[in-house]
Amino acid sequence: MLYADQQLHGKTSLSISLAQKIDGEIVSCDSMQIYKDMNIGTATPTQEEMRGIKHYMINCVDPEERFSVSDYKRQAEKSIEEILKKDKIPIVVGGTGLYLNSLVDEIEYPEIGIDEDYRIKLNNRAEKEGLGKLYDEAYQIDPEAMEKISQNDKKRIIRVLEIYYQTGKTKTQQEILSRKNEVRFDYYIFGLNMERTVLYERINKRVDIMIEQGLIEEVKELVKKHPKIKTAMQSIGYKETVEYLENKMTKEEMIEKIKQESRRYAKRQLTWFRKRNEMIWLNGLESHEENIRIILETIKKEKCKEV
RNA sequence: GGGUAGGUGGCCGAGUGGCUAAAGGCGGCAGACUGUAAAUCUGUUCUCAUUUGAGUACGAUGGUUCGAAUCCAUCCCUGCCCA
């Protein structure tokens with residue numbers, strides 16, 4: 001079974017309680033908790049919070065490394081199998097929708113890495129010749145895909161070109177291939193939600209707590225230890241703190257910015273998960289006991305156990 | 001008290017007589033999303049009717065004009081300078 005959630009706080013303890021109850025182990029589905037040395041700002045559960053429940057896919061990648069959905073899919077799947085072998089129930093927890101989809105939709109990614117040089121080349125070309133040029137080229141290759149991509153969406157335009165360059169296939173073809181496998185696991189998806197104003201209040205409070213816990217110190221350490229940090233620096237809370245440390249904004253501005261970005265992120269997650277029609281929504285303000293009761297009932301009724 | 005700059009939609013800010021329900025930005029809301037995803041991108045944003053439409057709106061009141069956010073008068077408020 002899988003469990004996803006798009007709220008910044010509350011899913012952690014709920015998932016751990018659930019794991020204790022049903023003899024499960026947790027596979028994180030969070031693109032930032034993956035990284036080492038980023039704990040406060042990503043709200044990675046501490047040893048104490050884990051209450052002895054084993055967690056996978058947490059603190060396992062160097063912040064300077066590039067990590068992708070495909071990496072996630074492979075490793076998370078391995079974790080799930082490992083848990084199943086122990087006759088335990090895997091509980092996938094986290095708010096990274098793209099990562100969750102890779103698992104529940106059983107998406108297969110071809111075994112090709114990212115050609116960093118080619119990507120840089122395309123970026124340079126976009127700079128010099130204009131993004132429109134690249135868009136047109138991509139359109140020649142894969143008009144179907146490009147119909148859905150904005151002319152300003154640099155990342156996706158470049159990706160279409162990249163896929164073609166590396167695989168000789170169009171994005172559209174590639175996506176069809178990626179879904180050729182049958183879904184391997186039975187699963188349920190549960191999501192925590194609550195009234196918007198309450199959600200936002202909680203997020204704001206959560207950010208204040210992070211600051212109190214020493215987010216700024218953590219970021220200082222992080223950049224000292226990893227001067228070439230890349231992907232990890234996209235993380236909300238980290239990029240703003242870096243700007244603050246570089247005197248580009250005041251501490252108050254930084255805190256406000258982190259809160260705002262976090263709220264928006266939560267909203268984007270809601271959008272993402274609302275689309276999944278198998279989603280079973282839980283009230284985030286309910287007690288854990290009640291939510292766990294609902295989860296157990298759902299699982300029993302449909303008699304779907306393992307994954 | 002004198003001088004001066006200004007008061008525009010949730011906020012910032014453009015706009016000096018009709019093409020203005022008013023550029024742009026921010027914020028909000030909604031959406032997209034298959035190898036950077038806590039990323040990236042899109043739409044929408046006065047009210048009501050929702051096809052054309054109607055109403056209300058640029059500090060307040062009054063005036064000029066066929067027509068005003070834009071011109072005039074008075075008043076209120078804010079910043080700066082001089083007393």
Side-chain angles (χ1 to χ4, degrees), chain A residues 6-8 28-35 38 41-44 61 63-75 94-116 118-120 122-123 126 131 135 142 145-163 165-167 169-181 196-197 200 203 206-207 210 215 229-241 253 256-276:
Chain A
Q6 59 299 311
Q7 187 228 336
L8 285 182
S28 169
C29 180
D30 185 302
S31 64
M32 291 301 157
Q33 290 184 1
I34 291 272
Y35 292 108
M38 295 173 66
T42 59
T44 305
V61 179
E64 288 178 44
E65 250 176 65
R66 163 159 269 140
F67 196 78
S68 75
V69 215
S70 128
D71 298 321
Y72 177 80
K73 164 90 181 343
R74 196 171 344 103
Q75 291 178 33
T96 304
L98 182 73
Y99 287 8
L100 179 72
N101 284 185
S102 77
L103 255 24
V104 296
D105 294 336
E106 194 53 55
I107 292 176
E108 189 180 297
Y109 302 91
E111 295 283 327
I112 319 160
I114 292 295
D115 187 333
E116 207 71 51
Y118 187 65
R119 188 172 278 187
I120 290 167
L122 288 177
N123 267 297
L131 193 55
Y135 181 91
D142 189 351
M146 293 317 285
E147 282 300 327
K148 288 183 285 184
I149 294 174
S150 156
Q151 308 204 0
N152 298 319
D153 202 337
K154 190 159 139 196
K155 277 190 183 180
R156 292 200 170 81
I157 294 170
I158 286 182
R159 181 92 265 262
V160 168
L161 262 17
E162 238 174 35
I163 292 172
Y165 177 79
Q166 289 191 64
T167 67
K169 295 193 183 71
T170 66
K171 179 177 190 276
T172 304
Q173 292 170 332
Q174 191 50 62
E175 284 183 8
I176 292 165
L177 285 174
S178 75
R179 299 197 93 139
K180 67 176 196 285
N181 293 331
R196 192 62 62 88
T197 51
Y200 284 0
I203 289 171
R206 178 76 204 160
V207 172
M210 283 177 182
L215 176 66
I229 190 162
K230 272 207 273 201
T231 314
M233 262 0 249
Q234 296 183 145
S235 178
I236 294 168
Y238 292 83
K239 51 180 179 231
E240 292 82 5
T241 304
E253 285 168 342
E256 266 322 297
K257 184 85 177 149
I258 294 174
K259 287 178 179 174
Q260 186 183 91
E261 290 300 327
S262 301
R263 278 181 250 131
R264 292 177 143 178
Y265 172 50
K267 219 168 65 60
R268 259 176 281 137
Q269 289 181 310
L270 248 10
T271 300
W272 186 288
F273 289 115
R274 279 197 280 232
K275 211 169 45 169
R276 295 220 68 110

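The figures here come from the full heavy-atom set of this structure, side chains too, leaving out hydrogens, waters and symmetry mates. Residue numbers start from 1 in every chain, and the chains themselves are labelled A, B, ... in the order their sequence lines are given, proteins ahead of strands.
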A:Met146 CE to B:U34 C1', in whole Å, measures 15 Å

* Exercise: do A:Glu106 and A:Asn181 side chains pair donor with acceptor under 3.5 Å -> no

For B:G25 versus B:U44, give the span between their C1' atoms, rounded off to a whole number of Å. 16 Å

>> Keeping A:Glu108 on the side-chain end and A:Leu177 on the backbone end, is there a donor-acceptor pair under 3.5 Å?
In response: no

Taking only the C1' atom of each, what is the distance from B:A73 to B:G79 in whole angstrom?
24 Å

**Asked** Aromatic rings A:Tyr35 and A:Phe67: how do their planes relate, parallel, tilted or perpendicular, breaks at 30° and 60°?
**Response** perpendicular

Is there a side-chain polar atom (N or O) of A:Lys275 under 4.0 Å from OP1 or OP2 of B:C33? yes

Just by modelled atom types, is the A:Gly94 backbone N or O under 3.5 Å from a matching donor or acceptor in the A:Tyr99 side chain? no

At under 4.0 Å between heavy atoms, what does A:Tyr99 touch on the DNA or RNA strands: base, sugar-phosphate, or nothing? sugar-phosphate

Check: Within less than 4.0 Å of OP1 or OP2 of B:U34, is there a side-chain N or O belonging to A:Tyr109?
Finding: no

Taken to the nearest whole Å, OH/A:Tyr72 to P/B:U36 is 16 Å

Once base and sugar-phosphate atoms are separated, protein heavy atoms under 4.0 Å mark nucleotides 40-45 of chain B, 5' to 3', with B, S and - as BSS---

**Asked** For the side chain of A:Lys239 and the backbone of A:Gln234, is there at least one donor-acceptor N/O pair under 3.5 Å apart?
**Response** yes

* Asked: Under 4.0 angstrom, heavy atoms only, what part of the nucleic acid is A:Asp71 near: base, sugar-phosphate, or nothing?
  -> nothing

Check: Does A:Ser178 reach the side chain of A:Tyr109, with side-chain heavy atoms less than 4.5 Å apart?
Finding: no

Here the distance between atom P of B:U36 and atom CD1 of A:Ile112, to the nearest Å, is 13 Å

When rounded to whole Å, the CZ to P distance for the pair A:Phe273 and B:A32 reads 13 Å

From the candidates B:A30, B:U36, B:G27, the one with an atom nearest any side-chain atom of A:Arg264 is B:G27

* To do: Starting from the C-alpha separation in whole Å, work towards a yes-or-no answer on side chain to side chain donor-acceptor pair (under 3.5 Å) for A:Thr96 and A:Asp30.
  => CA-CA 5 Å; A:Thr96 304; A:Asp30 185 302; 4.6 Å; no

From CD1 of A:Ile229 across to P of B:U36 the rounded distance in Å is 17 Å

Please give the distance between the P atoms of B:G24 and B:G31 as a whole number of Å.
24 Å

Check your understanding: What is the nucleic acid contact for A:Thr42, judged by heavy atoms within less than 4.0 Å: base, sugar-phosphate only, or nothing?
Key -> base

**Asked** Looking only at atom P, what distance separates B:C72 and B:A49, rounded to whole Å?
**Response** 40 Å

Side-chain donor-acceptor contact under 3.5 Å, A:Thr44 with A:Thr42: yes

Across all chains, not counting sequence neighbours, the side chain to side chain contact (heavy atoms under 4.5 Å, CB included) partners of A:Leu98 are A:Val69, A:Trp272

Report task. Indicate whether the side chain of A:Tyr265 and that of A:Glu261 have a donor and an acceptor atom separated by less than 3.5 Å. Result -> no

Self-check item: N-O pairing of A:Arg119 and A:Glu116 below 4.0 Å
Solution: no

OP1 or OP2 of B:A37 versus the side-chain N and O atoms of A:Gln234: is any pair under 4.0 Å? yes

Using OP1 and OP2 only, check whether a side-chain N or O of A:Arg119 sits under 4.0 Å from B:U36. yes

Contact between A:Ile163 and A:Thr170 at the side-chain level, heavy atoms closer than 4.5 Å - yes or no?
no

Review point. Can you tell me if the side-chain N/O atoms of A:Tyr200 get under 4.0 Å from OP1 or OP2 in B:C29?
Key: yes

Margin query: Using the C1' atom as the point on both nucleotides, what is the distance between B:U45 and B:U36, in whole Å?
Written below: 31 Å

Of A:Arg196 and A:Gly237, the one whose nearest nucleotide on RNA chain B sits closer to the 5' end is A:Arg196

Base of B:U34 paired with side chain of A:Ser102 (donor-acceptor, under 3.5 Å):
no

Separation of B:U36 atom P from A:Ile34 atom CD1, nearest Å, is 14 Å

Listing for RNA chain B: consecutive Watson-Crick or G-U pair runs of at least 3, distance cutoff 3.5 Å, ranges ordered by first number, gives B:1-7 with B:76-82, B:10-12 with B:24-26, B:27-32 with B:40-45, B:46-48 with B:53-55, B:59-63 with B:71-75

Next item on the list: Provide the distance between the two C1' atoms, one in B:U47 and one in B:G9, to the nearest whole Å.
Entry: 12 Å

From CZ of A:Phe67 across to C1' of B:U36 the rounded distance in Å is 13 Å

Check your understanding: Are OP1 or OP2 of B:G31 and a side-chain N or O of A:Thr271 less than 4.0 angstrom apart?
Key -> yes

Taking B:A37, B:U34, B:A30 as options, the one with an atom nearest any side-chain atom of A:Trp272 is B:A37

Task: Gap in Å between the two P atoms, one belonging to B:U4 and one to B:A54, rounded - done: 44 Å

Report task. Under 4.0 Å between any heavy atoms, over every strand shown, what does A:Gln260 touch: base, sugar-phosphate, or nothing? Just pick one. Result -> sugar-phosphate

Exercise. Using a heavy-atom cut-off of under 4.0 Å over every strand shown, decide if A:Arg274 touches base, sugar-phosphate, or nothing.
Key: sugar-phosphate

On RNA chain B, more 5' by nearest nucleotide between A:Asn123 and A:Lys148 is A:Lys148

* How far does the P atom of B:G3 sit from the matching atom of B:G67, given to the nearest Å? -> 34 Å

Quick one: label A:Ile114 by what it contacts on the DNA or RNA (base, sugar-phosphate, nothing), any heavy atom closer than 4.0 Å. sugar-phosphate

note: A:Leu270, atom CG; B:C29, atom P; distance rounded to Å ~ 10 Å

